[in-house]
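Here is the naming used below: chain letters follow the sequence lines, and residue numbers restart at 1 for every chain.
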2 protein chains.
Amino acid sequence: MRLSTKGRYAVTAMLDLALNGVDGPVTLAEISENQGISLSYLEQLFASLRAKELVRGVRGPGGGYYLGRNADDISIANIICAVDEWVEFTRCGGRKNCSGGERCLTHSLWDDLSIEIFDFLTKISIGDLIRRGERKKADKAAHLSVVSDEDSRAA
Amino acid sequence: MRLSTKGRYAVTAMLDLALNGVDGPVTLAEISENQGISLSYLEQLFASLRAKELVRGVRGPGGGYYLGRNADDISIANIICAVDEWVEFTRCGGRKNCSGGERCLTHSLWDDLSIEIFDFLTKISIGDLIRRGERKKADKAAHLSVVSDEDSRAA
DNA sequence: TTAAAAGTTGACTAAATTACTTGGTTACTG
DNA sequence: CAGTAACCAAGTAATTTAGTCAACTTTTAA
């Protein structure tokens, strides 16, 4: 498991796509502007994302990128995996005296943890994140106005 | 939030300490041997860990390291934070037109996620990991032999 | 009390990764 | 066909990771 700024860039770019892609595709130039990431670096990241079909590109004028599928069907783990390679899991394959020794024991404990984190991130989708953000914003607004419309209140 | 091989090294080293530190301190040389990490790199990592009082060093012949406190009171988040600096949270402080724009929105969504991951890792301690590993081993052993004789045999 | 063992520290370096740059090509639109 | 924006590939600067080297302190034992 790996979690770096690269992964963060990918996730925020995907969020940008989900938020702004509702009417027409979003160009990398716009994302670059919005997120302060260089265009060419974005191209690299999106090449990885496209390979995993997390985004869909439309060429030509008026083109840009869409999400590859519904925001609820794209997990954070999907995105991180796409850009961060992540076959990291302390493979142990071939390493000296790894079987039976302390090394392999601690490694397997780490792998257990890594899998847990992965599962955790699999259960969170882009859609979830956006809804949570909206709810939080709504909470704040409701807190400001005396009239508590709807329900909205959640920790 | 950040999760790199550096963090993994730190966590596995701490696991090593927890497992082998029951009778007397563990030297970095032993951990270096067990984990296949260079001694000097371990020294750097342990300098960070010691600064956060996650480990306690004993000098002189027969010396080595102990855990700084009970294994149940050391979370994975503690360890990762100690070695990975992690004040990463897309601070946004001073960045151009970040307030009100798309950038700040996606950043705050990422920060929410980052905090969630942090909370998740705060709830898992070194002690937890070890117990889970033992339970898993016990499960496997019980599954293999009808008569559950101790444990001993591990892959 | 001196020497050796083990931890502690800091500065320096090689390798890897990240982030970015350049310079194209291809596909589509008007 | 001209312009836009995705796509592609190679190279590079900056940063981080991982490791090395060398000096030094504390503790113990001869």
First and last nucleotide of DNA chain D, 5' to 3', lying under 4.0 Å from heavy atoms of chain A: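 Contact boundaries, 5' end first: D/dG3 to D/dA10.
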Salt bridge (Lys or Arg N to Asp or Glu O under 4.0 Å): pairs with one or both residues in residues 71-80 of chain A, sequence neighbours excluded: A/Asp72-A/Arg131
Check: B/Arg8 main-chain N/O paired with B/Thr5 side-chain donor or acceptor under 3.5 Å: no
Heavy-atom donor-acceptor pair, B/Thr122 side chain to B/Phe118 backbone, under 3.5 Å: yes
Which residues share a side chain to side chain donor-acceptor pair (under 3.5 Å) with A/Glu30, sequence neighbours left out: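 Residues passing side chain to side chain donor-acceptor pair (under 3.5 Å) with A/Glu30: A/Thr27.
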Checking [X] now: which residues fulfil side-chain contact (heavy atoms from CB on, under 4.5 Å) with it, not counting sequence neighbours?
{"X": "B/Glu53", "answer": "none"}
{"X": "B/Leu39", "answer": "B/Leu28, B/Ser32, B/Glu43"}
{"X": "B/Ala71", "answer": "B/Leu67, B/Ile126"}
{"X": "A/Lys136", "answer": "B/Asp112"}

Sugar-phosphate, base or nothing in reach of A/Ser40, heavy atoms under 4.0 Å: base
Sugar-phosphate only, base, or nothing, as touched by A/Leu28 at under 4.0 Å among non-hydrogen atoms: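 A/Leu28: backbone/sugar contact only, no base atoms under 4.0 Å.
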Where at least one partner belongs to residues 8-33 of chain A, residue pairs that pass ring-ring contact (aromatic ring centres under 6.0 Å, His included), sequence neighbours excluded: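 Passing the test, one end in residues 8-33 of chain A: no pairs.
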Short side-chain N/O contact to C/dC20 OP1/OP2 from A/Tyr41, under 4.0 Å: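 No, outside the criterion.
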For [X] and [N], what is the distance between atoms [atom1] and [atom2] respectively, to the nearest whole Å?
{"X": "A/Arg8", "N": "C/dT17", "atom1": "CZ", "atom2": "C1'", "result": "16 Å"}
{"X": "B/Leu3", "N": "C/dT17", "atom1": "CG", "atom2": "P", "result": "16 Å"}
{"X": "A/Leu45", "N": "C/dA19", "atom1": "CG", "atom2": "P", "result": "8 Å"}
{"X": "B/Arg50", "N": "C/dG10", "atom1": "CZ", "atom2": "C1'", "result": "13 Å"}
{"X": "B/Gln44", "N": "C/dA11", "atom1": "CD", "atom2": "C1'", "result": "10 Å"}
{"X": "A/Leu42", "N": "C/dT18", "atom1": "CG", "atom2": "P", "result": "15 Å"}

List, with names and distances, any nitrogen or oxygen atoms from the protein found under 3.5 Å away from nitrogen or oxygen atoms belonging to nucleotides 26-30 of chain C.
from, atom 1, to, atom 2, distance (Å)
C/dT26, O2, A/Arg59, NH2, 3.0
C/dA27, O4', A/Arg59, NE, 3.1

B/Lys123: salt bridge (charged side-chain N to carboxylate O under 4.0 Å, His left out) partners, not counting sequence neighbours: none
Rounded to 10 degrees, the angle between the two terminal axes of the helix from C/dT1-D/dA30 to C/dG30-D/dC1, each from five pairs: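 Taking the rotation axis at each end, their angle is 10°.
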5' precedence on DNA chain C between A/Glu43 and B/Gly57 (nearest-nucleotide basis): B/Gly57
Pairs satisfying side chain to side chain donor-acceptor pair (under 3.5 Å), at least one member in residues 55-70 of chain A, at least two apart: A/Arg69-A/Asn78
